[in-house]
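Positions are given from 1 along the sequence.
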Amino acid sequence: NIYILFSMKSSNEQRPVNEFVVVDPEIMDGLPTLKGTRIPVYLILEMIEDGNSLEDVRKEYPFLTREQIRAAIHYAAERVSHAESI
C-alpha cells in the first residue's frame with residue numbers, strides 16, 4: 001500500500017503519501033509527517049544529515065519504528081528523484 005504524492009495541490013483533507021507518511025493541512029501546516037505523530041520528515045532527515053544513525057533516531061524518538069524512519073527517507077528520495085531539473 002504505497003501511495004506516492006507528486007502534486008502538492010492544496011486540500012483540506014489528510015492524504016497518505018506512503019504507508020507511514022501523511023500530508024495533512026491540520027498537522028504541522030501540511031508538512032509531510034510520520035503518520036500518527038507530529039514528527040515531520042525533514043526532522044528525520046536533519047538528524048541523519050547530522051550523522052545520527054537510525055538507532056540514534058530511535059533513541060530520540062523511541063516510539064518510532066525502523067520502518068517509519070526508512071519510509072521518511074524513502075519519501076524524500078522519491079520527491080528528489082521526481083523533482084524538476086533547474
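Here the shortest heavy-atom pairing between Val23 and Gly30 reads CG1-O, 3.2 Å. Across all their heavy atoms, Ala71 and Val21 have their closest contact at O-CG2, 3.9 Å.
Counting heavy atoms from C-beta outward, Leu31 and Val41 have side chains that stay 4.5 Å or more apart. Using a 4.5 Å heavy-atom cutoff, the side chains of Ile69 and Phe20 are not in contact. Considering only heavy atoms from C-beta on, Ile27 stays 4.5 Å or farther from Thr37 through its side chain.
With rounding to the nearest 0.5 Å, the separation of CE in Met28 from CG in Leu43 is 8.0 Å.
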- Take Ile44 and Leu34, measure what side-chain contact (heavy atoms from CB on, under 4.5 Å) needs, and give me the verdict at the end. CA-CA 10 Å; Ile44 302 300; Leu34 291 168; 4.1 Å; yes
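No more than 12 heavy atoms of other residues, nucleotides or ligands sit less than 6.0 Å from atom CG of Asp29.
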I'd like a table of donor-acceptor pairs (distance under 3.5 Å, sequence neighbours excluded) in which one partner is a side-chain atom from residues 51-58, with atom names and distances.
residue, atom, partner, partner atom, Å
Asn52, ND2, Met47, O, 2.8
Ser53, OG, Glu55, N, 3.3
Ser53, OG, Asp56, N, 3.0
Ser53, OG, Asp56, OD2, 3.3
Glu55, OE2, Arg66, NE, 2.8
Glu55, OE2, Arg66, NH2, 2.9
Asp56, OD2, Ser53, N, 2.9
Arg58, NE, Leu64, O, 2.9

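Judged by distance alone, the side chain of Glu78 and the main-chain N or O of Tyr75 form no donor-acceptor pair under 3.5 Å.
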